[in-house]
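As the structure lists them, so they are numbered: ligands from 1, and atoms in each ligand from 1.
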Amino acid sequence: MSLDRSKQAPWWRDATVYQVYVRSFADADGDGVGDLPGITARLPHLADLGVDAVWLTPFYRSPQHDHGYDVADYRDVDPLFGDLGDAERLVEAAHGLGLRVIVDLVPNHTSSEHAWFRAAVAAGPGSPERARYHFRPWSPEPPNNWRSVFGGAAWSRVDDGSEQPEWYLHLFDSTQPDLDWQHPEVGDMFVDVLRFWLDRGVDGFRVDVAHGLIKAAGLPDHDDPDLPAPGRDDSMVARDRADEPMWDQPGVHDVYRRWHEVLAAYGGDRMMVAEAWTPDAESMSRYVRADEFQQAFNFAWLLAPWSASSFADVVTDTLEAVGRVDASATWVLSNHDVVRHATRYAAGATPERGLARARAATLTMLALPGSAYLYQGEELGLPEVDVAPEDRTDPSWFRTGEVGRDGCRVPIPWEGDEPPYGFGPVAPGSQPWLPQPEEWAGLSVAAQQADEDSTLAFYRRALAARREVLPGVPREVSVETHDDVLTLRRGDLVCHLNCGDSAVEPPAGEVVVCSGPTPGSPDTATWVRTG
Ligand code: NOJ
């Protein structure tokens, strides 16, 4: 195995990866929920778009309390989404189109319906079965003051029929018990799971809650339990959270060194990307040291407010931090856990400006060295949907009464004038698992296909430009801000992002691609070749 990253670049280093939220991409069997055959049938859309890889959210056997992030069997496909043969056909079809496949791995917790947790409940206090999770003896109050990311206490009493049931830890929903990663069988099981999917040809893994597996010894109280959980509030970037007993513990890195070896033994540049909400660029970069993850999402970029100086700070800090460990950066603006960026940037402005800014931020991201992750529907300019209370399904909604993440998970409109807009073969006018807005007809793939001004056409142009131009420019970026303009310069390629309210001419040269109708306008990014 070689750790020398100066050799030929692996496929993932500058890859554009498209995230498919499996429930909401395409529904082949007409039950209103997306599935693997639906995705396979729609893969040509991704090849046409010009991405390099697809990341699939969990499709394993699961009671779906957290839409698949509660896994009951890591080696099987939930019947809702198909079967193992469907997964294998999807991987084969993707590879046939030149697309790599990344699957999701959920190691922090299992479902409460996983065989291990069921056995733990049945076996009772003090049993070896309970030692794979964090069980604690009965007491009037929970064993410590930790809060669930989804609201409420991070402890529930186990439902085993006893008079004094034990507590068990769940950093997320009560149906997602945390595994005890100090137990050797836990690590061994996940190595087997990695091999199971590597043997089926997957190219990589997105690792869920990668910063959470190891807890501080003794599970001490949190000194500020009401602090918003990582990823739920942008205060995480601003403050030092390095001492939180459940997040970012040093021991977590040993897990990833072992996995790195497992992947390396397969060849083909298999990779893993960390979902690790860490306090700053330096702690993020520890996950991408040469013998750990290949990539870690740079959430500071996603959390940055619309401003040239905040974007500049994130780019500079990120490139410095990953550069120190000889890794590359991984950029992302939207995913299935956050408000879509077209809507985030509309705050204090209008939906039109929000979309223009979203396109501009995307084009800026695509100019940066490293990998970029796109979330399904952003290429259509989809906004966050205001899902009615009776339709909401996010476990955090049930635990807190706060809106939650349903609004970014509404199924994709493919074609037609009314729901389900080609999402699946259900009766016209009937709705998929989350209702689609009436006004989405104009946003469908078919509606945008032939329109050169559409967001879809813009994404295709931007991705084509990225493929054509970036391999020929230096990886070094010079970052400048002037008033409200951010300028990223890579050799003779300049990305000029105007975050202000008045037009600013980009530098003279050939316009390669522009996120809006007029280079240099407010809310617009422009790539210019100045050479
Ligand atoms: C992060 C996932 O992206 C999110 O959807 C999930 O609810 C939590 N981890 C818990 O698995």
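Taking atom 9 (N) of ligand 1 as the reference point, the nearest protein heavy-atom neighbour is Asp208 OD1, 2.8 Å. Ranking the protein heavy atoms by distance from atom 7 (O) of ligand 1 puts Asp66 OD2, 2.5 Å first. Of all protein heavy atoms, the one lying nearest to atom 3 (O) of ligand 1 is Asp337 OD2, 2.4 Å.
Exactly one of Val410, Thr343, Ile412, Leu355 qualifies for a side chain to side chain contact (heavy atoms under 4.5 Å, CB included) with Leu382. That residue is Ile412.
At least one cation-pi condition fails for Arg100 and Trp12: the charged atom is not both under 6.0 angstrom from the six-membered ring centre and inside a 45 degree cone around its axis. Figure legend: Arg136 and Trp167 shown without cation-pi pairing, the cationic atom not lying both under 6.0 angstrom from the six-membered ring centre and within 45 degrees of its axis. Both tests hold for Arg130 against Phe135: distance to the six-membered ring centre under 6.0 Å, angle to the ring axis within 45°.
Within the 4.5 Å cutoff, the side chain of Leu36 has heavy atoms near those of the Val77 side chain.
Checked by atom type and distance alone, the side chain of Thr175 never pairs as donor or acceptor with a backbone atom of His65 at under 3.5 Å.
With a heavy-atom cut-off of 4.0 Å, Tyr21 does not touch ligand 1 at all. With a heavy-atom cut-off of 4.0 Å, Gln19 does not touch ligand 1 at all. Contact annotation for His67 and ligand 1: no heavy atom of the residue comes within less than 4.0 Å of the ligand.
Atoms of ligand 1 lying under 4.0 Å from any heavy atom of Glu275, numbered from 1 in the order shown and given with element: 1 (C), 3 (O). Those atoms of ligand 1 that come under 4.0 Å of a heavy atom in Val209, given as number and element, are 9 (N). Near Arg405, with a cut-off below 4.0 Å to any heavy atom, the atoms of ligand 1 are 4 (C), 5 (O), 6 (C), 7 (O). Residue contact check: His109 has heavy atoms under 4.0 Å from atoms 10 (C), 11 (O) of ligand 1. Atom numbering of ligand 1 starts at 1 in the shown order; those under 4.0 Å from a heavy atom of Arg409 are 5 (O).
Centroid-to-centroid, the aromatic rings of Tyr133 and Phe117 come within less than 6.0 Å. In this structure, the ring of Tyr18 has its center no less than 6.0 angstrom from the ring center of Tyr375.
Between His65 and ligand 1 there is no heavy-atom distance shorter than 4.0 Å.
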